[in-house]
**Student:** 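Sharing a structure below in structure tokens format, with a few things to ask.
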2 protein chains.
Amino acid sequence: MAMTENRPQTRIQREKREVILEAALDVFSSHGFRGATIDQIADAAGMSKPNLLYYFKTKEAIFETLIHGLLDMWLDPLKAMNEDGDAIVELRSYIRRKIEMARDFPRESRLFANEILQGAPRIVAMLEGELKPLVDEKAKVLKSWMRAGKLKQADPYHLIFAIWATTQHYADFDIQVRTVLGPDRGGDGRFEDAARFLEQLFLAGLQPG
Amino acid sequence: MAMTENRPQTRIQREKREVILEAALDVFSSHGFRGATIDQIADAAGMSKPNLLYYFKTKEAIFETLIHGLLDMWLDPLKAMNEDGDAIVELRSYIRRKIEMARDFPRESRLFANEILQGAPRIVAMLEGELKPLVDEKAKVLKSWMRAGKLKQADPYHLIFAIWATTQHYADFDIQVRTVLGPDRGGDGRFEDAARFLEQLFLAGLQPG
DNA sequence: CATATTTTTGACCGGTTGGACAAATCGTAG
DNA sequence: CTACGATTTGTCCAACCGGTCAAAAATATG
């Protein structure tokens, strides 16, 4: 039977699709959607272009499957921010998790960055349907912490933006960061330094009293 | 006489080149180098493709001229940070200036962001030759302020990264910001709100004592 | 007006790209 | 071993893209 849309059935189909998505992550994240070619992805996946197109009908289908599969993972740190926990502890955990994601999953970060930078033509629905509701919910949590005196008063939306921006910066602008830091300070330790700095910045800036 | 490389001579030549660069900024900033086409730029500039290529020999030449012409403007806020001024005042001015640039020149921000995101293949030399020395110099200034007790001790490089990230975020990720804020809070006022939040964050986080 | 120079255009070219397709190969159940 | 569906490949195509070129049109100069 031919591929029934998005429902890979055999083990081999699931595996091959996985290989393709891994290759596509590599290529899309470093060249953007337009800059990536099916040939590049096929090469990286170790198969011919027509073979790849047997598993995904179009370039857009690859991209869509990829980014949809990544969304949950990407939103996970924010989802994990727990209203019942201690505000400062939760905030610190969130920042640390985001920095770790920038370190361990820079391709995923760049994939989203590339797309949003170009106007998010392929993921607007995702932003409106999943991201915005989640941020609205967590903004309320932050607000309640502030009202309870656990955090200094501040705009919770812009606080979340600031955490996104500062942490993802180390993945998205990696070349710039490493160039500016130079060979000595631009090594693996840069994420430790960044984590230390950001925790100090946000916690000192938000600790009440 | 034919175009002598980068020296436009007649008034009309200077004007047409300016029109082209303005159109190119539009197209490059919203599609990236690879995603932009000469036809799009020519359309936006109101001329035919061969006509455009009469003024700039190649697509890369347009890009290079454009980004080189923008660099000084882009680095200006950081250059303006004055060692002899008051640390807190200087820092606040820097943040405000960067937010204003994100508001008034989002295309320029996205142009650089697009390029750096994809590994900065066309501007590595600029980063090493102009950006890094400038940041090194200003990091020393920040460090001296910290030693003098005007600012809390913190890594000056990561401080600069944090200011870049948080301010440019409002230009580079504009669609996401507006989507998350929604129609009511995502209007023109968002830059005011952002400025207020960021000043509070950085100044509270760095004020000594 | 005549001529020389600059500017603009239409037609074209070679290479790339996303994708179609039929034929070949492979794997497996009977 | 055979037959059938799943997988893979070579070939091809139309659209697009960066860039060339010669000729036409506009403009400047005497």
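Keep in mind that this is a model prediction, so the values were computed, not measured. Numbers restart at 1 for each chain; the letters A, B, ... are given by sequence-line order, proteins then strands.
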**Student:** Go through it in stages, so that I can follow the logic: the residues are A:Phe173 and A:Gln168, the test is side-chain contact (heavy atoms from CB on, under 4.5 Å), and I'd like the CA-CA distance, side-chain angles, deciding distance and then a yes or no.
**Tutor:** CA-CA 8 Å; A:Phe173 296 79; A:Gln168 293 173 12; over 6 Å; no

**Student:** Taking only the side-chain heavy atoms of A:Asn51 (C-beta and beyond), determine which of D:dG18, C:dT8, D:dT9 contains the nearest atom.
**Tutor:**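 Nucleotide nearest to A:Asn51's side chain: D:dT9.
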
**Student:** Starting at atom CZ of A:Phe56, determine the distance to atom P of C:dA20, rounded to an integer number of angstrom.
**Tutor:**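 Roughly 15 Å, once rounded to whole Å.
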
**Student:** Would one find a side-chain N or O of A:Lys57 under 4.0 angstrom from OP1 or OP2 of C:dA20?
**Tutor:**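 Looking at the OP1 and OP2 atoms of C:dA20, neither is under 4.0 Å from any side-chain N or O of A:Lys57.
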
**Student:** Please give, in whole Å, the distance from D:dA26 P to B:Gln13 CD?
**Tutor:**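 Value for this atom pair: 19 Å.
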
**Student:** Take the protein atom CZ of B:Arg14 and the nucleotide atom C1' of C:dT7, then report the distance between them rounded to whole Å.
**Tutor:**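 Between C1' of C:dT7 and CZ of B:Arg14: 17 Å.
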
**Student:** Answer yes when B:Asp155 and A:Arg185 have at least one side-chain N-carboxylate O distance shorter than 4.0 Å, and no when they do not.
**Tutor:**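 Judged by the 4.0 Å cut-off on N to carboxylate O distance, B:Asp155 and A:Arg185 do form a salt bridge.
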
**Student:** Which nucleotide in the list D:dT9, C:dG19, D:dT20 gets nearest to the side chain of A:Thr58?
**Tutor:**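 In terms of side-chain proximity for A:Thr58, the closest of D:dT9, C:dG19, D:dT20 is C:dG19.
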
**Student:** How many whole angstroms separate atom OH of A:Tyr55 from atom C1' of D:dT9?
**Tutor:**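 Between C1' of D:dT9 and OH of A:Tyr55: 13 Å.
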
**Student:** Do B:Asp193 and A:Tyr157 pair up side chain to side chain, a donor and an acceptor below 3.5 Å, judged on atom types alone?
**Tutor:**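 Their side chains do not contain a donor-acceptor pair, so the 3.5 Å distance test is not met.
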
**Student:** Nearest whole Å is fine: how far is C:dG18 P from A:Phe63 CZ?
**Tutor:**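 To the nearest whole Å, that distance equals 14 Å.
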
**Student:** In terms of side-chain geometry, is the basic nitrogen of A:Asp39 or A:Lys49 positioned less than 4.0 Å from the acidic oxygen of its partner?
**Tutor:**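 Here A:Asp39 pairs with A:Lys49 in a salt bridge, since their nearest N and O are under 4.0 Å apart.
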
**Student:** What is the distance, to the nearest angstrom, from the CD atom on A:Glu15 to the C1' atom on C:dG27?
**Tutor:**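 Atom-to-atom, A:Glu15 to C:dG27, this comes out as 15 Å.
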
**Student:** Is the closest basic N to carboxylate O distance between B:Glu22 and B:Arg107 below 4.0 Å?
**Tutor:**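 A salt bridge is present here (some side-chain N lies under 4.0 Å from a carboxylate O).
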
**Student:** I need the CG-P distance between A:Leu53 and C:dT17, as an integer number of Å.
**Tutor:**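 The answer, rounded to whole Å, is 14 Å.
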
**Student:** Near DNA chain D, counting only heavy atoms under 4.0 Å, which residues of residues 22-50 of chain A show up?
**Tutor:**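 Only A:Arg34, A:Ser48, A:Pro50 qualify.
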
**Student:** I want to know whether A:Phe63 and A:His68 have ring centres closer than 6.0 Å.
**Tutor:**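 Distance test on ring centres: not under 6.0 Å, no.
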
**Student:** Can you tell me the distance, in whole Å, between the NZ atom of A:Lys59 and the C1' atom of D:dA15?
**Tutor:**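 Value for this atom pair: 14 Å.
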
**Student:** Please determine whether a side-chain nitrogen or oxygen atom of B:Tyr54 lies at a distance below 4.0 Å from atom OP1 or OP2 of D:dT20.
**Tutor:**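 No, B:Tyr54 has no side-chain N/O under 4.0 Å of OP1/OP2 on D:dT20.
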
**Student:** Can a side-chain donor-acceptor contact be found between A:Asn114 and B:Gln118 if the only test is distance below 3.5 angstrom?
**Tutor:**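 Yes, because at least one side-chain N or O of B:Gln118 sits under 3.5 Å from a partner of the opposite role on A:Asn114.
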
